[in-house]
Protein chains: 2
Amino acid sequence: MDGSKAGDAALSEFLCFATYSANQAFHQFYAPLLARVGLTYPQYLVMTLLWSQDTRTVGEIGRILNLQSNTMTPLLKRMEGAGLIERRRDTADERIVRISLTAQGRALRDRLTGLPGAVAAASGMTAEERGELIGALDRLRRNMTEAARTGSAQGGGQDAGSISGT
Amino acid sequence: MDGSKAGDAALSEFLCFATYSANQAFHQFYAPLLARVGLTYPQYLVMTLLWSQDTRTVGEIGRILNLQSNTMTPLLKRMEGAGLIERRRDTADERIVRISLTAQGRALRDRLTGLPGAVAAASGMTAEERGELIGALDRLRRNMTEAARTGSAQGGGQDAGSISGT
DNA sequence: CACAGTTTAATCGCGCACGATATACTCGCA
DNA sequence: TGCGAGTATATCGTGCGCGATTAAACTGTG
């Protein structure tokens, strides 16, 4: 498409970098607004899940957010410490920890009703454009996850260092 | 567009979440491949910049990656420790630290020539589709950054807690 | 020359995010 | 009944990423 050789490609032509930067920009937009109610961005995602359906297991939340227990556990403990959620071991199956909102956690919802709208406005895109972009990103995520899982670019074996050739 | 009320929106309809998840998927694809040559993803971005143009200041690199010195300094120190780059104070203006590749850092390039191609293949998208997506994400990033800068959703003042209304 | 203001990096503390590993529990099956 | 396999969560260490602050060096103006 362009005459760039492998290695001298400009970062601006990397899809991964565009995604990385857009994500940072979102974070920088959200962070100060969420900080006013004492939330971080991943915590807000958890709250959004619980607002739509209360009482879920750690694993359920983790699967939706693509996060494992080593990220979820401390995150949820901080949220418990902030009084937003409760963590209770299931009595029937003690491996499972159920997460549910406190009254304070439910109340927080009313203080953030305008946020999705503000973000939508800040994006400078129409609902249709946003929908298309979400679709493209979802497709990309599925493809990348599948490729990571099957190890498409695993390369040889004993050399274990080079990723040359396509 | 759909009848969802603010607050019960499914996460799958959040553009921020689609971006966040796609970024995670990229990271999960890159991380094991880069680990084989001892790089992390942000370090790979720095290397890519230096491969296309050697010897840049900390600030220059940070501006391109949208990272500040509090992220750059330790990252670059780790890369220096790994023998990939050198950090040298400018003799004329001692505030400035210039970053340049070592021979080892330059050599690493040849072990990653296939990576952009592998990522492109893993994306499951044509070059044209990727180009369009990069364009949309760049536009989004610019808009979000601008909105964050001007504080579009700053809300009132003394209450300092609610973000209600659009 | 002095001194305020600006620029450039560095430092500190906190919260993700993940690889590797550990622990506790449940289930199936001999 | 007891044991191995599988499941759900937790722990530990490392590396970003950022807000707040600090420190050092430069610049411009009187």
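Since the structure is predicted, the reported quantities are computational estimates derived from the model, not experimental observations. No hydrogens, no waters, no symmetry mates; every other heavy atom, side chains included, goes into these values. Protein chains get the first letters and strands the later ones, always in sequence-line order, with residue 1 at the start of each.
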Between CZ of B/F26 and C1' of C/dA17 the distance, given in whole Å, is 18 Å
A/R63 CZ to C/dA17 P, in whole Å, measures 18 Å
Q.
Classify the ring geometry of A/Y41 against A/Y30: parallel below 30°, tilted from 30° to 60°, perpendicular beyond 60°.
A. tilted
Here the gap from A/L33 atom CG to A/R36 atom CZ, rounded to the nearest 0.5 Å, amounts to 5.5 Å
To the nearest angstrom, the CG-C1' distance between B/D90 and C/dT7 comes to 13 Å
To the nearest angstrom, the CE-P distance between B/M72 and C/dT11 comes to 15 Å
In whole angstroms, the gap separating P of D/dT7 from CD of A/E60 amounts to 16 Å
| Do A/K77 and A/E80 pass the salt bridge (Lys or Arg N to Asp or Glu O under 4.0 Å) test, and can you show the C-alpha distance, the side-chain angles, and the key distance before you say yes or no? | CA-CA 5 Å; A/K77 280 188 174 176; A/E80 185 184 35; over 6 Å; no
Item to complete: Describe the nucleic acid contact of A/R98 in one word from base, sugar-phosphate, nothing, applying a heavy-atom distance below 4.0 Å.
Response: nothing
> Think A/K77 has a side-chain N or O under 4.0 angstrom from the OP1 or OP2 of C/dC16?
Replying inline: no
Review point. Taking the six-membered ring where the residue is Trp, are the ring centres of B/Y20 and B/F14 under 6.0 Å apart?
Key: no
CG of B/N23 to CZ of A/F26, rounded to nearest 0.5 Å, is 12.0 Å
note: A/I61, atom CD1; C/dC16, atom P; distance rounded to Å ~ 14 Å
For nucleotides 16-25 of chain D, 5' to 3', base contacts (B), sugar-phosphate-only contacts (S) and non-contacts (-) with protein non-hydrogen atoms under 4.0 Å give SBBBB----B
Rounded to whole Å, CG of B/L76 lies from P of C/dT11 at a distance of 12 Å
Can A/R95 and A/D90 be said to form a side-chain contact (heavy atoms from CB on, under 4.5 Å), step by step? CA-CA 7 Å; A/R95 290 171 303 181; A/D90 189 298; over 6 Å; no
The nucleotide from C/dT8, D/dT9, C/dA10 with an atom nearest the side chain of B/I96 is C/dT8
